[in-house]
Amino acid sequence: MLKRIRLLPAAVLTALGIVVALAAPAAAADPPVPPSSAGQRWALKVAGHYVTVSAGADGDTKLRADLTATVPGPAELFTLHTDWVTGSGFGTTVSFRSEATGNYVTTEDDASASLLRTRATTIGAWERFTLKPLSGDTYGLLASNGKYVAAELGTYPDKGLLRARTARPASPDDLGSWERFTLEKVGGQGSTSPVPAPTTRAPVARDVVSWNVCANNNGSCALNDAPSTTVAGNVSNALHQAMGARRPDAVFFQEICEKAAKPLELALESWAGPMDVRFMPTSFKVAGTDIEAQKDCDDTKDGVGRGSFGIALAVPDSNTWYQGTVLPSPPQKGTEQAKEQRPMLCAVMPAEGSAYCNAHFSSGPYTDANGKPQGDDTDPSDLYRPRQAQAMRDTVDGLTGLGYTTYYGGDLNTTQNDVGYLSTLYSDHQECGQPTPSSPHTGAPTDGNNKIDYIFGPQGPAYTCRVVDGTLSDHRLIDLTTS
């Protein structure tokens, strides 16, 4: 099926060199969640019944236990999210976003009998639930009104309706079967079919870019709190200016919001040719559980939701397979705040014999602007970045073993002082900062005075590596070319 391409203007700069935002389409809101997101889908069950979004003629979108569904369909699928809660951070509560409506589940007020509906476009107090682990791998859902969610499976006239109406018992395990929910993973994170074999050998000449675009909540970056269409237009324009007449074969993006993925795809297509933009969220383990919920981006300054926070991978639209992976990441210890569970995203192009993997590794120790120590991977006796590098290399070796020429990298959050953490990525490969495979592991800084962004490829081609300031981010983009 032919892809509809919206033509957008090419890069436009003012005399001061500031990238100008693309004009948003008339009356356009942020786009729906892209189907190419590799976030995990879930189904909820209560008393053996799937929870469904039952959109009535009035668009009510009530949640109820479906007494007939035997397998989860679109109306039974949800993605799990977590946002920042003042005083406790991410991972303390979970929010449910309906795959069918794109909206979050909210608890209505007492006047609406504390019904659960999917009608919220952003996460606030009424969209947050606390997961209470119960026996038998079930959970109680404690709503923001201080009561547990129950399915009306008795003689209640609106059969199966979900309401937050059960008062807290002395112990959560005293909850009955109508208040006990099971979370069931559905599908994979991306394509569920096996990786297809390449149908040709990859060309030697490649042009691969990696850029942490800083498009969530960093006040020092130009895209802080920006709408998704603005992010897409400015990132595309800045990339176009940096590349000139050349066209990228793949682009690795980090620190980008989910709802920017589709507008970015359309913006890139105006000058780089037909492309797909895939997305993979960063996640947190929900407190007291092994359930992972996607980290939500901050809303725009106008209060518009931007979906999950994570990484994206732009590849030619000959892409037929992509897969997201949650890398081994530091766990929460004691009373400290939850640690980000870091993502990797890979895609293959069988028709050109190429594969690409993008990742954002855990942050090492650093000091923030207020002089406060920060970072997730800070225990020298229990480091996770070497494990993340090994997980990436294992995936790359699998793709290479199928016959793909694979390029990989991203924001690996590791300076040249600690580049030994990435040693597994260098073996039999070459980093774009190395003129030859035996050259030192050095390169131009990509973040302040540090190099923490990398692109690796096979040994053999002649490598050129450029580092360019795209003006929007606290990171510079890194551009690998081979010939």
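These numbers come from the heavy atoms of this one structure, side chains and all, not from hydrogens, waters or symmetry mates. All residue numbers refer to positions in the sequence shown, counting from 1.
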State whether a side-chain donor-acceptor pair under 3.5 Å links N212 with D411.
yes
Is any side-chain heavy atom of Y356 closer than 4.5 Å to one of D249?
yes
Pairing donors with acceptors under 3.5 angstrom, does anything connect the side chains of Q434 and S439?
no
Quick one: closest heavy-atom pair of A226 and R306, and the distance?
O-NH1, 3.0 Å
Begin from the C-alpha positions of T79 and H81 and carry the test side chain to side chain donor-acceptor pair (under 3.5 Å) through to its verdict.
CA-CA 7 Å; T79 49; H81 301 257; 2.8 Å; yes
State whether the side chain of N216 and the backbone N or O of D298 hold a donor-acceptor pair below 3.5 Å, judged by distance alone.
yes
Is there a side-chain contact between P196 and T320, using heavy atoms and a 4.5 Å cut-off?
yes
Under the criterion side chain to side chain contact (heavy atoms under 4.5 Å, CB included), I'd like the reasoning laid out for K451 against T442: C-alpha separation, chi angles, the key distance, then a yes or no.
CA-CA 8 Å; K451 174 181 169 58; T442 60; over 6 Å; no
Between V195 and L399, is there a side-chain heavy-atom distance shorter than 4.5 Å?
yes
Working to the nearest 0.5 Å, report the span between CG of L131 and CG of L183.
6.0 Å
Does the pair V231 and L264 meet the rule for a side chain to side chain contact (heavy atoms under 4.5 Å, CB included), with working shown?
CA-CA 8 Å; V231 170; L264 181 57; over 6 Å; no
Between L44 and F96, is any pair of side-chain heavy atoms under 4.5 Å apart?
yes
Testing the 3.5 Å rule here: is there a donor-acceptor pair between the side chains of E127 and T106?
yes
T82 versus D296: any side-chain heavy-atom pair under 4.5 Å?
no
Within a 6.0 Å radius of atom CZ on R246, are there more than 12 heavy atoms belonging to other residues, nucleotides or ligands?
yes
Nearest heavy atoms of C214 and S473, plus distance in Å:
CB-OG, 3.3 Å
Against the six-membered ring of F309, is K295 placed for a cation-pi contact (under 6.0 Å from the centre, within 45° of the normal)?
yes
When you measure from the side chain of R128 to the backbone N and O of V85, does any donor-acceptor pair fall under 3.5 Å?
no
Using a 3.5 Å distance criterion without hydrogens, assess whether the side chain of Q254 forms a donor-acceptor pair with backbone atoms of L412.
no
Under 3.5 Å, is there a donor-acceptor pair between the side chain of H429 and the main chain of S427?
yes
For E258 and S37: C-alpha separation, side-chain torsions, deciding distance, then whether side chain to side chain donor-acceptor pair (under 3.5 Å) applies.
CA-CA 8 Å; E258 181 182 27; S37 172; 3.2 Å; yes
Distance-only, no hydrogens or angles: does the T200 side chain make a donor-acceptor pair with backbone N or O of A351 under 3.5 Å?
no
Before giving the answer on salt bridge (charged side-chain N to carboxylate O under 4.0 Å, His left out), spell out for R476 and D469 the whole-Å C-alpha distance, their side-chain angles and the decisive distance to 0.1 Å.
CA-CA 5 Å; R476 303 171 189 91; D469 188 354; 5.2 Å; no
What distance do S236 atom OG and E269 atom CD have between them, rounded to the nearest 0.5 Å?
10.0 Å
So, the side chain of R247 versus the backbone of W271: is there a donor-acceptor pair under 3.5 Å, distance only?
yes
Which is it for M344 and N358 under the side chain to side chain contact (heavy atoms under 4.5 Å, CB included) test, yes or no, and what are the steps along the way?
CA-CA 6 Å; M344 177 176 69; N358 174 27; over 6 Å; no
Can you name the nearest heavy-atom pair linking K339 to F284, along with the distance?
O-CD2, 3.4 Å
Steps toward ring-ring contact (aromatic ring centres under 6.0 Å, His included) verdict (F90, W84):
CA-CA 5 Å; F90 291 98; W84 178 266; 5.5 Å; yes
Does a salt bridge link K333 with D379, judged by any charged N lying under 4.0 Å from a carboxylate O?
yes
Pair listing, salt bridge (Lys or Arg N to Asp or Glu O under 4.0 Å) test, anchored in residues 392-409, at least two apart
R393-D397
Working to the nearest 0.5 Å, report the span between CG of D428 and CZ of F456.
13.0 Å
4.5 Å side-chain heavy-atom contact, S363 and R342:
yes
With a 3.5 Å cut-off and no angle check, do the side chains of D302 and T300 form a donor-acceptor pair?
no
Is there a side-chain contact between L472 and W211, using heavy atoms and a 4.5 Å cut-off?
yes
Quick one: do Q390 and T424 satisfy side chain to side chain donor-acceptor pair (under 3.5 Å)? Show the steps, please.
CA-CA 6 Å; Q390 184 63 59; T424 188; 3.2 Å; yes
I'd like to check T481 versus R466 (side-chain heavy atoms, cut-off strictly below 4.5 Å). Are they in contact?
no
Can you tell me how far OG of S210 sits from NE2 of H360, rounded to the nearest 0.5 angstrom?
9.5 Å
For V277, is there any backbone N or O sitting under 3.5 Å from a side-chain donor or acceptor partner on E265?
yes
Please find the pair of heavy atoms, one from N218 and one from S220, that lie closest to each other, and give the distance.
OD1-OG, 2.6 Å
Check the side chains of N103 and R117 for a donor-acceptor pair under 3.5 angstrom, ignoring hydrogens and angles.
no
Tell me whether E76 contacts the main-chain N or O of V51 through its side chain, where contact means a donor paired with an acceptor under 3.5 Å.
no
What verdict does the side chain to side chain contact (heavy atoms under 4.5 Å, CB included) test give for D376 and E340, after you've listed the backbone C-alpha separation in whole Å, the side-chain angles of each residue and the deciding distance to 0.1 Å?
CA-CA 8 Å; D376 284 352; E340 291 189 3; 3.8 Å; yes
For L313 and F252, work out which heavy atoms get closest and say how close.
CD1-CD2, 3.3 Å
Could you give the distance from OH (Y463) to OG1 (T482), rounded to the nearest 0.5 Å?
6.5 Å
Measuring from E431:CD to L480:CG, what's the distance to the nearest 0.5 Å?
8.5 Å
Give the minimum heavy-atom separation between P281 and A38, together with the two atoms involved.
CD-C, 4.2 Å
Would you say the side-chain atoms of T446 pair up with the backbone N or O of I452, donor to acceptor, closer than 3.5 Å?
yes
Is any NZ, NE, NH1 or NH2 atom of the basic residue among D276 and R278 found under 4.0 Å from an Asp or Glu carboxylate oxygen of the other?
yes
Test item: Q388 side-chain N/O and S362 main-chain N/O as donor-acceptor pair under 3.5 Å
yes
